[in-house]
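By convention here, the first residue in the shown sequence is residue 1. Only this structure's heavy atoms are used, side chains among them; waters, hydrogens and symmetry mates stay out. Model, not experiment: these values are computed from the prediction.
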Amino acid sequence: MPSETYQAFIAKVRELHLATSIESILSWDQETYMPKRGGTHRAAQLAFIAGVGHRKLIDSEFSALLEKVEAEGDEDPVVATNVRETRRIFDRKVKLPTDLVEELARTSSLARTIWVEARRTSDFRNFAPILKKLFELKRAEADHIGYTTEPYDALMDEYEPGAQAAEVAAVFDGVRNELVPIVKAIATAPRKPNSAVLKLMAPLAQQEQLCRHLAEAIGFDFDAGRIDTTTHPFCSGTCPDDVRLTTRYDEHYLPMSLFGILHEAGHGLYEQGLDSTHTGTPMGQSVSLGIHESQSRLWENQVGRSRPFWNHQFAELQKCFPAYAQVSLEDWYFAINKVEPSLIRVEADEVTYNLHIMLRFDLERRLLAGKLAVDDIPGAWNDGMQKLLGITPPDDAHGCLQDIHWSLGAMGYFPTYALGNLYAAQFFAAASQAIPELDVKIARANFKPLLEWLREHIHQHGQRYRAAELCEVVTGQPLSPEPYLNYLRRKFKPLYGF
């Protein structure tokens, strides 16, 4: 039986989570339904809630309670996890002045509205002034938290606890060195997909219908969630019983919504799979954004872009869209796995996707270190795209304005996407070994065994393990690029014939 001290401590932890969940709902509403002129007031609301939560966290009474519960030294895994991870958060946040926390929340809320308009008009100059302020605030945050090597480490630790920029860069260098020859081999391969099949007429109402069907098919519970439309797709979860997905639609590019919703539903399945008895505590929260991204990328790619998945689902697609009646399953499968350097990250293929992340990672490190000025971002972005992918964006909307993350103040977030790809491949390889005839089950639209495996081995643990440790617990091996690279080779060599 947990001590009275621990029970009082957990009550406070859950109270802190309420403030965070309120922020989440306000942010979700801002991206979906808030009137255009509501931005200024919303910024004030978010700053207020952020300040309330921060003051409650760093309060001397809570600090004393944390010290008491630590002194008890309870070794129960649930107690130990909640105490350890709360201490990690406390030690980060107590270093931050409340006025800085409030200003970050206010500025990022205003920046989101400005970014949407700047992206619409493809004019980075309109976004640059507030982006400069955001980077100044994030540098201040990094300085308050402290770091050994570079400010990026302090910010990335919020999303991927324990990760170091130099170590991540070394992993990325290894992946990039292996990806470049694969991209070149595909570019000169004899077989090419007919990508025109991706641009057939697909009415929005039917897209919404099919997206809901696919999310439900893989296990997303709509009694505890919903789908809405937004500029930049995301998943927002406050607890397992309230998980909100968003996507976007294009009548002449069906993959945008389909794979967007499979991706976000993957995030949603993780949120719905967390143990609800621990809601509001670290044991009821995801491990890291790299692990979170592994769940979305696994369902989007290892499952959603696989041949077995469409063995059953393609007939559903053809029922929704008459234009696809004459398209063969093989042509569809090849087209959705087209590999070609592209401008937009969220629409990038599996092979080139990580190159987009490496570009953003490099730019963020330089910006935070003061080696790149905000005004120079468009040029540096375009140079990086040309160097890594051999293409140059025609405008800012297709270049440095395409992602929402900087307007959110989420510097340090991007590398978790590429880490998620590596984790996804390693987890799926382990699941494939553990679940007999997994491909056959997927081909029959039986996704339950895979979802149950993920819930047993990943979701239910909350933050009991850090990301690196969880990977070893689940797969028996430390994180390695090899499962990801092997997956790409096995999949794309037969497709392209190289």
Side-chain angles (χ1 to χ4, degrees), residues 1-30 42-74 76-106 108-109 141 144-145 157-159 161 224 236-244 270-289 292 409 460-464:
M1 180 69 179
S3 69
E4 290 185 6
T5 302
Y6 177 75
Q7 292 181 55
F9 163 76
I10 281 298
K12 288 289 186 182
V13 169
R14 292 184 192 276
E15 187 177 279
L16 290 167
H17 179 260
L18 288 177
T20 303
S21 67
I22 291 169
E23 281 188 79
S24 180
I25 290 296
L26 287 171
S27 296
W28 169 84
D29 177 72
Q30 181 170 0
R42 181 55 46 86
Q45 291 174 317
L46 285 165
F48 173 76
I49 290 295
V52 169
H54 187 70
R55 280 188 286 271
K56 283 183 173 292
L57 175 62
I58 66 172
D59 181 75
S60 59
E61 180 183 344
F62 182 72
S63 176
L65 196 55
L66 176 57
E67 290 179 2
K68 286 181 182 178
V69 79
E70 283 177 319
E72 290 180 347
D74 195 323
D76 177 271
V78 171
V79 174
T81 297
N82 287 334
V83 173
R84 181 194 71 224
E85 293 305 312
T86 301
R87 166 57 71 183
R88 188 187 79 81
I89 295 168
F90 178 86
D91 285 348
R92 281 182 61 89
K93 300 298 185 181
V94 75
K95 298 173 183 177
L96 302 178
T98 301
D99 59 354
L100 175 60
V101 173
E102 292 174 335
E103 186 58 27
L104 270 167
R106 180 183 301 108
S108 62
S109 180
E141 179 182 340
H144 280 290
I145 291 170
D157 184 71
E158 179 177 352
Y159 307 109
S236 176
T238 62
C239 70
D241 293 328
D242 187 354
V243 181
R244 302 169 186 220
Y270 190 3
E271 291 292 321
Q272 291 183 342
L274 295 167
D275 190 336
S276 60
T277 62
H278 298 303
T279 293
T281 75
M283 274 296 295
Q285 296 172 2
S286 59
V287 183
S288 73
L289 285 185
H292 222 310
Q460 71 161 345
H461 293 303
Q463 294 181 1
R464 180 175 179 179

Taking the side chain as C-beta and beyond, is there a heavy-atom pair between [X] and [Y] under 4.5 Å?
X	Y	answer
T98	I58	yes
V94	F62	no
C239	S276	no
R244	E271	no

Give, for atom [atom1] of [X] and atom [atom2] of [Y], the distance between the pair rounded to the nearest 0.5 Å.
X	Y	atom1	atom2	answer
R55	L57	CZ	CG	12.0 Å
L65	S60	CG	OG	11.0 Å
N82	T281	CG	OG1	4.0 Å
I22	S27	CD1	OG	12.0 Å
L274	D241	CG	CG	11.0 Å
Q285	Q463	CD	CD	5.5 Å

Run the side chain to side chain donor-acceptor pair (under 3.5 Å) test against [X] and tell me which residues pass, sequence neighbours left out.
X	value
E23	none
S286	none
E15	K56
S236	S24

- Could you pull out all residues at least two apart from D29 that satisfy salt bridge (Lys or Arg N to Asp or Glu O under 4.0 Å)?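 Per chain and number, D29 pairs via salt bridge (Lys or Arg N to Asp or Glu O under 4.0 Å) with R42.
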
- Task: For D157, check salt bridge (Lys or Arg N to Asp or Glu O under 4.0 Å) against everything at least two apart and list the hits.
- Result: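 Partners of D157 under the salt bridge (Lys or Arg N to Asp or Glu O under 4.0 Å) test: R88, R92.
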
Name all residues meeting the side-chain contact (heavy atoms from CB on, under 4.5 Å) criterion together with [X]; count only those two or more places apart in sequence or in a different chain, and write none if there are none.
X	value
V101	A50, H54, L96
E103	R106, T107, K133, L137
R87	L66, E67, E70, F90, D91
D99	P97

- Determine which pairs satisfy salt bridge (charged side-chain N to carboxylate O under 4.0 Å, His left out) with at least one residue from residues 272-281, sequence neighbours left out, and list them in order.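 Matches after skipping sequence neighbours: none remain.
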
- Considering residues at least two apart in sequence or located in another chain, which fulfil the ring-ring contact (aromatic ring centres under 6.0 Å, His included) criterion with H461?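 ring-ring contact (aromatic ring centres under 6.0 Å, His included) list for H461, sorted by chain: Y465.
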
Taking the side chain from [X] and the backbone from [Y], do they hold a donor-acceptor pair closer than 3.5 Å?
X	Y	value
R14	T279	yes
T86	V83	no
Q30	S109	yes

